[in-house]
Trainee: 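Here it is, the structure in full.
Values in this document were obtained by computation on a predicted structure and should not be read as measured data. Ligands are counted one by one from 1 in listed order, and the atoms in each one are counted from 1 as well. Basis for what follows: all heavy atoms, side chains included, without hydrogens, waters or symmetry-related copies.
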Amino acid sequence: MSENARPDEAAQRAGKLRELLRYHNHRYYVLDDPEISDAEYDALLRELQGIEAEHPELVTPDSPTQRVGAAPLDAFAEARHEQPMLSLANVFSEEELRDFDRRVRERVGGEVAYVCEPKLDGLSVNLRYENGVLVQAATRGDGQVGEDITVNVRTIRSVPLRLRGESPSLVEVRGEVVIRKADFERLNEHRLAEGERPFANPRNAAAGSLRQLDSSVTAKRPLTFFTFGTGACSEPLGVTHSEVLERLAGWGFRVNEHVQRVAGAQGCLDYYHWLLDNRDTLSYEIDGAVYKVDDLDARERLGFTARAPRWAAAHKLPAREATTVVADILASVGRTGAVTPVAALEPVEVGGVVVSRATLHNLDEVRRKDVRVGDTVMVRRAGDVIPEVISVVVDKRPADAEPWDMPTSCPVCGSEVVRLDEEAAHRCIGGLYCPAQRMGAIRHFVSRRAMDIDGLGEKLVAQLVEQGLVRTVVDLYGLERETLVTLERMGEKSADNLLRAIDASRETTLPRFLYALGISQVGEVTARALAEHFGSLEAIMDARSDALETVPDVGPVVAQSVARFFAQPHNQEVIAGLRAAGVHWPSAAADTASELSQPLAGRTFVLTGALEGYSRDDAKAQIEALGGKVTGSVSKKTDYVVVGADPGSKRDKAERLGVTLLDESGFERLLRETANAGS
Ligand code: I6G
């Protein structure tokens, strides 16, 4: 609403906002089932605060701006705080932070030292200790009176039941109860396994857990308490907040590991940006940074407003959740053929970025969350991760919304979409033909262990695909010198070399050819086993699932994948095209025999660090016995780096170059599997 609105318009809007805020406050604080994000709630509250600041006559005692939290739930006893538990004033920008610091300096003079810490996204509680023993735990409530949740808080392991060492006769310890991210994932997995509804986020899980009337339920929830300061205290605990935190740590409390003392507004801002950059590395969710004047005497002079201390501010981080509407659910085909359901959303700002798509991961997730077109959903964006739909606001579902199902044919190429047993993902099985998979399929086909066409790097493949020169791998065999020389960074010599490499690849082996087709679940070892067992491509193409399953190490999932791949007319077309282009293998029996006796032929290994079960010479001898080669330095051509204890720089180099790393058990497995495939 514009500034200087007419008083009657302002009164009407204020009334509407109060109604909305009360409704959402109830859903959030009492039912633990929010419909809107924190950021949307904050925006409504700030609008009301703006109107009330401009028209003080409109302020009512029951306005949501006039209280800190929700009313206590009836079922818990009331607990009055010795000292009020206020909230923190929010700042939303650098300018507002500098204003806060200016106001502080005006009252206390000179540059001010602040203590900064992350604002954990949990539930604030007050713990009352008398003579070092926990006697009461309470929620914040309305700031004066909270709910007595002592029995529940006593189950939290990080809350000391008795303070360590010397303690005052009375102290109120304050802090945040949270569920850490990893604990939250496990908790939700467990709930799903038990057929219970998963929690939308760690904050709701923590709040729901603390408000259990049966404390044995709370005891099973992975709650953690972080202290951030004290309320009433019968004696001074120090002259600075830093000293108070040290006392708290000494009593056995968890104090945040990222507490930092800084100088002035600039110090706070630097801290804020550090937090913004490192948010994803923290083990708990946060929604801001808190800055507090360190000097307790200065705090005395600053005092309080009606709602918050003047010596502290919470600097909000961009919210990572928002609610919006699902306009459509699309099936998106990735480079590997995985078909992923994606929600097309009405655009919404999340964490400073406008989001219009969010992943739904796979069909099981769509069913579990029961996401439908038309639904209002909560969307979350964390760091660089793809935004995801986290839950549905079922109350807002349109009457005609239908459950969604995966399409049976690929929306890009029309090939069949299948789901292999045991796999969560659906796949388009037109791998050799589907434009969505083109780049990936070609890159795999030409790779060293497949058709081994040297000179066809990623950039060149991209040019060939983008210019429509290569649609399937068959087109590689029709490339002409005149066309190639027109491409970027392609001289006559490189064109000739490439054409020679393509030509040479016409003669290959059946295992290599099978592997090059990029059939899901078929790696080199399986390709060799299939070739050896059936002896010809035609026999493999004709084999039914049950016949395929008779091959050693081929289970039902692999068999199904192979059978479906060859049943696909699009794939048959491409294979026929390759045969017509002259791709052949002299004698399956002969070449599988030689490959089988030397299953690691052509593979290069580097050894680094000490292996427990092998000396260097043993390891080298085993690799060489299977046809592999051991070299001393890592390059792009290295296939594997075997990493033992205390590895040298070779390990880092391998990682940089993307070379496969094997630990000792991985190395043993490789030797075992290749030896088995060769026997
Ligand atoms: O709600 C809060 C979260 C974190 C706080 C707080 C805090 O310090 C890190 N500190 C105070 C002083 C208050 N609320 C009132």
Side-chain angles (χ1 to χ4, degrees), residues 28-29 38 41-42 45 67-70 81-92 97 100 104 112-128 137-146 158 171-179 202-203 206-207 210 224-233 237-238 240-249 253-262 267-268 271-272 274-275 279 282 284-296 298-300 302-317 319:
Y28 194 90
Y29 285 104
D38 292 0
Y41 183 91
D42 281 341
L45 189 63
R67 64 173 183 164
V68 179
H81 307 304
E82 189 83 25
Q83 198 178 83
M85 250 186 121
L86 300 177
S87 62
L88 291 171
N90 285 323
V91 297
F92 289 88
L97 165 63
F100 160 74
V104 170
V112 174
Y114 293 98
V115 173
C116 307
E117 69 176 279
K119 187 166 186 297
L120 307 199
D121 200 5
L123 224 79
S124 295
V125 298
N126 183 49
L127 310 179
R128 184 183 171 99
T139 60
R140 187 200 293 267
D142 64 4
Q144 306 288 338
V145 179
S158 42
V171 60
E172 289 181 320
V173 175
R174 290 175 176 179
E176 207 78 1
V177 173
V178 299
I179 293 187
R203 190 196 179 281
L210 277 184
T224 306
F225 176 74
F226 285 83
T227 180
F228 56 64
T230 53
C233 189
L237 297 173
T240 61
H241 179 58
S242 309
E243 285 173 13
V244 174
L245 291 179
E246 270 175 39
R247 288 293 299 275
L248 287 163
F253 289 99
R254 191 189 280 272
V255 174
N256 193 281
E257 69 273 31
H258 298 297
V259 169
Q260 201 178 317
R261 189 173 188 272
V262 304
C268 294
Y271 184 83
Y272 179 81
W274 178 85
L275 211 51
R279 188 178 194 177
L282 303 181
Y284 36 75
E285 295 288 353
I286 60 171
D287 60 358
V290 178
Y291 316 124
K292 293 178 181 171
V293 172
D294 195 25
D295 185 288
L296 299 184
R299 284 192 186 186
E300 282 282 311
L302 283 157
F304 299 85
T305 68
R307 286 187 293 274
R310 286 206 189 85
W311 41 261
H315 194 167
K316 291 294 212 172
L317 288 167

Trainee: Would you find more than 12 non-hydrogen atoms of other residues, nucleotides or ligands less than 6.0 Å from E300 atom CD?
Mentor: no
Trainee: What are the polar N/O contacts of ligand 1 with the protein below 3.5 Å, with distances?
Mentor:
unit_1   : atom_1 : unit_2 : atom_2 : d
ligand 1 : 1 (O)  : R140   : NH2    : 3.0
ligand 1 : 8 (O)  : K292   : NZ     : 2.8
ligand 1 : 10 (N) : K292   : NZ     : 3.0

Trainee: I'd like to know if the side chain of R140 reaches the main chain of L86, judged simply by a donor and an acceptor atom lying under 3.5 Å from each other, with no hydrogens or angles considered.
Mentor: yes
Trainee: For I286 and R279: C-alpha separation, side-chain torsions, deciding distance, then whether side chain to side chain contact (heavy atoms under 4.5 Å, CB included) applies.
Mentor: CA-CA 7 Å; I286 60 171; R279 188 178 194 177; 4.1 Å; yes
Trainee: So if I apply the side chain to side chain contact (heavy atoms under 4.5 Å, CB included) rule between Y272 and each of L97, V91, L317, which one comes out positive?
Mentor: L317
Trainee: Between E285 and R203, is there a salt bridge with N-O shorter than 4.0 Å?
Mentor: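 A salt bridge is absent here (no side-chain N lies under 4.0 Å from a carboxylate O).
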Trainee: Going by the angle between their ring planes, with limits at 30° and 60°, are Y114 and Y291 parallel, tilted or perpendicular?
Mentor: perpendicular
